[in-house]
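Bear in mind the structure is a predicted one, so any value in this text is a computation, not a measurement. Within every chain, numbering begins at 1; the chains are lettered A, B, ... in the order of the sequence lines, protein sequences first and strands thereafter.
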Amino acid sequence: MANLRYSKGLLISDTYAPNLKWNERGKIYIGYGKDYFDVMRYFNDSEIEVKDTVLDLLPFPQVKEIDNLRDYQRDAVEKWYASKRGVVVLPTGAGKTLIGLKAIEKCRVASIVVVPTVDLLYQWAKSVEEKMGVKPGIVGNGENQVRGITVITYDSLYTKAEELGNKFGLMVFDEVHHLPSEGYSQAAMLFASPYRLGLTATPEREDGRHRLLPSLVGPVVFRLTVDKLKGKYVSDFEVKRIYVELKEDEEERYAELRGKMSLYLKRKKLRLSSLKEFKRLVFLASREKEGREALLAWQEALRIAVNSRSKIDKLREILGQTEDGDKVIVFTRDTFMAYDISKEFLIPAVTYKTPKEEREEILRKFKDGEYKVIVTSSVLDEGVDVPDANVAVLMAGYGTRRQFLQRLGRVLRKKEGKNAVLIELVTKNTSDHGLSSRRRKNVPV
DNA sequence: TTGACTCAACATCCTTTGCTACAA
DNA sequence: TTGTAGGTTTCCATGTTGAGTCA
């Protein structure tokens with residue numbers, strides 16, 4: 001007979017199982033909470049009788065049944081339910097929340113929903129209340145009520161892991177691509193919850209840590225791309241790319257800065273052919289003056305490329321051609337550009353510096369149609385409830401697929417009559433071109 | 001309760017077209 | 001001649017957020 005128990009994020013066993021390590025001092029086997037599922041499966045498969053006191057679940061409340069799922073949502077839930085572990089990948093606006101709620105309802109076990117922002121904390125809480133008819137617990141943003149269904153932020157998950165780690169049978173990770181980062185993944189490892197569901201539009205990460213997802217949550221069990229939903233469930237859309245050229249003075253400065261950087265790289269025999277080599281440059285920048293200057297030159301050159309004044313001219317043209325009823329969101333890469341555009345065109349800007357109340361007011365007026373155009377840096381990319389728009393103008397951005405798809409998602413909510421359009425402005429013969437092709441790589445649009 | 005502030009954590013950061021020494 | 005490896009780190013800057021602290 002094996003004895004398996006839980007203490008402060010760890011599994012403790014007197015009998016061997018894979019994933020558990022022998023601890024000489026305590027004369028016991030120890031593992032992470034997350035391995036509970038595999039350890040139990042091993043004991044069951046090996047027909048080892050086990051006294052299991054790991055989970056101490058909170059009672060699950062009486063909930064309303066969730067119906068009105070779209071066919072692909074039902075399909076996603078079924079695929080996940082077969083193993084009760086795994087990641088569902090769906091584009092922004094395709095209704096991931098409903099899939100999470102349906103999973104909770106089907107499992108009928110105490111559940112914890114993990115979200116990256118306070119905005120999402122309350123959005124989820126509202127959905128649970130409306131669709132399931134129960135008030136969920138909320139942990140985060142200064143609140144701390146734990147219930148049979150609880151919504152929590154990733155940051156609070158970390159501090160509460162030892163206390164709550166064996167209270168929930170199911171964990172739902174919203175925007176699960178955040179989970180593999182160093183701190184958050186530690187928190188997830190301390191939880192013993194055997195059932196796990198991850199929701200995201202883009203699981204892949206620039207740092208490659210998405211490789212941890214199968215062990216933290218499970219494999220991708222369902223994936224649907226935007227083009228499959230186009231027209232029926234999300235707006236019909238088109239992506240336009242408009243190329244511009246640097247102004248003469250910008251071109252001169254750009255060449256000067258790139259030259260300065262190249263010279264240094266040549267001297268150091270660096271080629272910047274990979275992220276690793278780029279990190280090497282960052283390292284050198286912390287050690288020697290020339291390195292720092294080279295990196296600063298690279299940064300300034302990039303800023304010139306992505307923020308060329310030609311793009312402002314083009315934006316003027318685009319805004320001049322919009323029709324009645326169009327709603328436009330202009331996306332930039334940095335706050336300078338957002339504020340420059342705001343001043344130039346007299347349109348409201350939303351950045352991380354915008355106070356919460358002011359941000360809410362701008363978004364409300366945009367929703368009501370009082371504002372037709374707003375400009376934003378990257379605050380509205382994720383985790384914020386942004387009113388629908390039908391035109392997105394990408395002045396500049398990162399070279400990541402994720403940001404591109406998130407921004408596209410901002411114009412995809414189905415609206416009658418209006419087709420959506422995403423216009424990307426790209427500066428020719430500069431690193432902006434490279435960023436643009438990188439972010440569109442493997443994007444089915 | 002709120003507001004202002006600080007701090008820590010997370011994310012991005014690259015693609016060339018070009019080197020150079022050495023082993024097979 | 002042709003092909004391939006070559007040296008490998010806690011962080012230049014900026015953007016963004018949640019939590020904690022203190023008045």
Side-chain angles (χ1 to χ4, degrees), chain A residues 114-122 138-144 152-160 175 177-187 202 204-210 258 261-303 305-307 331-339 350-357 359 376-384 396-404 406 429 431-439 441:
Chain A
V114 193
V115 299
T117 64
V118 168
D119 264 44
L120 285 170
L121 192 68
Y122 293 107
I138 293 181
V139 181
N141 194 36
E143 301 200 40
N144 190 19
I152 189 170
T153 59
Y154 279 94
D155 288 84
S156 296
L157 189 74
Y158 192 80
T159 52
K160 298 278 176 190
E175 310 287 4
H177 49 270
H178 289 288
L179 187 66
S181 50
E182 200 148 335
Y184 298 162
S185 57
Q186 287 290 323
T202 45
E204 294 78 15
R205 293 168 56 99
E206 293 297 299
D207 60 8
R209 288 182 71 105
H210 52 267
R258 294 288 287 196
M261 182 188 82
S262 302
L263 206 68
Y264 178 78
L265 292 179
K266 210 165 193 172
R267 255 206 340 261
K268 289 286 160 183
K269 298 188 174 169
L270 268 174
R271 275 183 308 154
L272 291 199
S273 57
S274 66
L275 186 58
K276 212 156 68 181
E277 298 214 23
F278 181 79
K279 283 184 174 170
R280 172 89 184 138
L281 173 61
V282 173
F283 174 68
L284 287 170
S286 69
R287 297 217 152 171
E288 48 185 68
K289 193 162 166 268
E290 291 86 356
R292 199 178 120 82
E293 281 170 0
L295 188 57
L296 289 177
W298 171 80
Q299 275 171 351
E300 194 188 332
L302 182 68
R303 209 153 41 227
V306 302
N307 290 341
F331 291 99
T332 68
R333 180 179 163 118
D334 45 48
T335 54
F336 313 106
M337 183 67 151
Y339 289 121
V350 181
T351 73
Y352 74 100
K353 293 174 180 164
T354 314
K356 196 170 182 282
E357 269 175 43
R359 184 196 296 189
T376 180
S377 44
S378 46
V379 266
L380 302 186
D381 287 351
E382 180 190 298
V384 187
Y398 299 137
T400 64
R401 247 183 109 210
R402 170 165 320 129
Q403 190 188 51
F404 184 78
Q406 281 169 336
N429 301 319
S431 43
D432 193 31
H433 202 110
L435 286 174
S436 163
S437 31
R438 244 174 63 208
R439 66 176 151 251
K441 217 170 161 183

Rounded to the nearest angstrom, tell me the gap between atom [atom1] in [X] and atom [atom2] in [N].
{"X": "A/Arg439", "N": "B/dT15", "atom1": "CZ", "atom2": "C1'", "result": "15 Å"}
{"X": "A/Leu281", "N": "B/dT15", "atom1": "CG", "atom2": "P", "result": "11 Å"}
{"X": "A/Glu300", "N": "B/dC13", "atom1": "CD", "atom2": "P", "result": "18 Å"}
{"X": "A/Phe404", "N": "B/dT12", "atom1": "CZ", "atom2": "P", "result": "16 Å"}
{"X": "A/Glu204", "N": "B/dA11", "atom1": "CD", "atom2": "C1'", "result": "16 Å"}
{"X": "A/His210", "N": "B/dA11", "atom1": "NE2", "atom2": "P", "result": "13 Å"}
{"X": "A/Leu179", "N": "B/dA9", "atom1": "CG", "atom2": "C1'", "result": "14 Å"}
{"X": "A/His433", "N": "B/dT17", "atom1": "NE2", "atom2": "P", "result": "13 Å"}

Is [X] touching bases, backbone alone, or none of the nucleic acid, heavy atoms closer than 4.0 Å?
{"X": "A/Tyr184", "value": "sugar-phosphate"}
{"X": "A/Gly291", "value": "nothing"}
{"X": "A/Leu157", "value": "nothing"}

Between [N] and [M], how many Å separate the two [atom1] atoms, rounded to a whole number?
{"N": "B/dC10", "M": "C/dT8", "atom1": "P", "result": "27 Å"}
{"N": "B/dC14", "M": "C/dA5", "atom1": "P", "result": "25 Å"}
{"N": "B/dT1", "M": "C/dG20", "atom1": "P", "result": "16 Å"}
{"N": "B/dA23", "M": "C/dG7", "atom1": "P", "result": "12 Å"}
{"N": "B/dT15", "M": "C/dT4", "atom1": "P", "result": "24 Å"}
{"N": "B/dC13", "M": "C/dT14", "atom1": "C1'", "result": "11 Å"}

Handout entry: side chain to side chain contact (heavy atoms under 4.5 Å, CB included) partners for A/Ser274, two or more places apart
Key = A/Lys276, A/Glu277
Exercise for the section: With sequence neighbours excluded, tell me which residues meet side chain to side chain contact (heavy atoms under 4.5 Å, CB included) with A/Glu293. Expected result: A/Lys260, A/Lys289
Fill in the blank from the handout: Sequence neighbours excluded, the answer for ring pair (Phe, Tyr, Trp, His ring centres under 6.0 Å) partners of A/Tyr184 is A/Tyr154
Fill in the blank from the handout: Scanning all shown strands, the Watson-Crick or wobble mate of B/dC7 with both distances under 3.5 Å is C/dG18
Completion exercise
Reading nucleotides 4-13 of chain C from 5' to 3' and marking B where a protein heavy atom lies under 4.0 Å of the base, S where only the sugar-phosphate is that close, and - otherwise, the string is --BBBSS-BS
Problem - nucleotides 15-23 of chain C: protein proximity per nucleotide (B base, S sugar-phosphate only, - neither; heavy atom, under 4.0 Å) - result: SBSSS----
Practice task
Could you check A/Met261 against A/Thr400 and say which one's nearest nucleotide on DNA chain B is further toward the 5' end?
Solution key: A/Thr400
Fill in the blank from the handout: Result for 5'-nearest mapping on DNA chain B, choosing between A/Leu302 and A/Gly183, is A/Gly183
Practice task
Would you list the pairs meeting ring pair (Phe, Tyr, Trp, His ring centres under 6.0 Å) in which at least one residue belongs to residues 264-296 of chain A, sequence neighbours left out?
Solution key: A/Phe278-A/Trp298
Practice task
Might you confirm whether atom CG of A/Asp207 has over 12 heavy atoms from other residues, nucleotides or ligands at distances under 6.0 Å?
Solution key: yes
Between the main-chain N or O of [Y] and the side-chain N or O of [X], is there a donor-acceptor pair closer than 3.5 Å?
{"X": "A/Arg438", "Y": "A/Thr400", "answer": "no"}
{"X": "A/Thr202", "Y": "A/Glu204", "answer": "no"}
{"X": "A/Arg439", "Y": "A/Tyr398", "answer": "yes"}

Problem - Side-chain N,O (A/Arg402) to OP1/OP2 (B/dA11) below 4.0 Å - result: no
Exercise for the section: Please state whether the phosphate of B/dA9, meaning OP1 or OP2, lies under 4.0 angstrom from any side-chain nitrogen or oxygen of A/His178. Expected result: no
All N/O donor-acceptor pairs, side-chain side in residues 115-122 of chain A, below 3.5 Å, sequence neighbours left out:
residue  : atom : partner  : partner atom : Å
A/Thr117 : OG1  : A/Leu120 : N            : 3.2
A/Thr117 : OG1  : A/Gly383 : O            : 3.2
A/Tyr122 : OH   : A/Asn141 : ND2          : 3.2
A/Tyr122 : OH   : A/Glu143 : OE2          : 2.5

Practice task
Check salt bridge (Lys or Arg N to Asp or Glu O under 4.0 Å) between A/Arg280 and all other residues, then give those that pass, not counting sequence neighbours.
Solution key: none
Fill in the blank from the handout: With sequence neighbours left out, the residues meeting salt bridge (Lys or Arg N to Asp or Glu O under 4.0 Å) with A/Asp155 are none
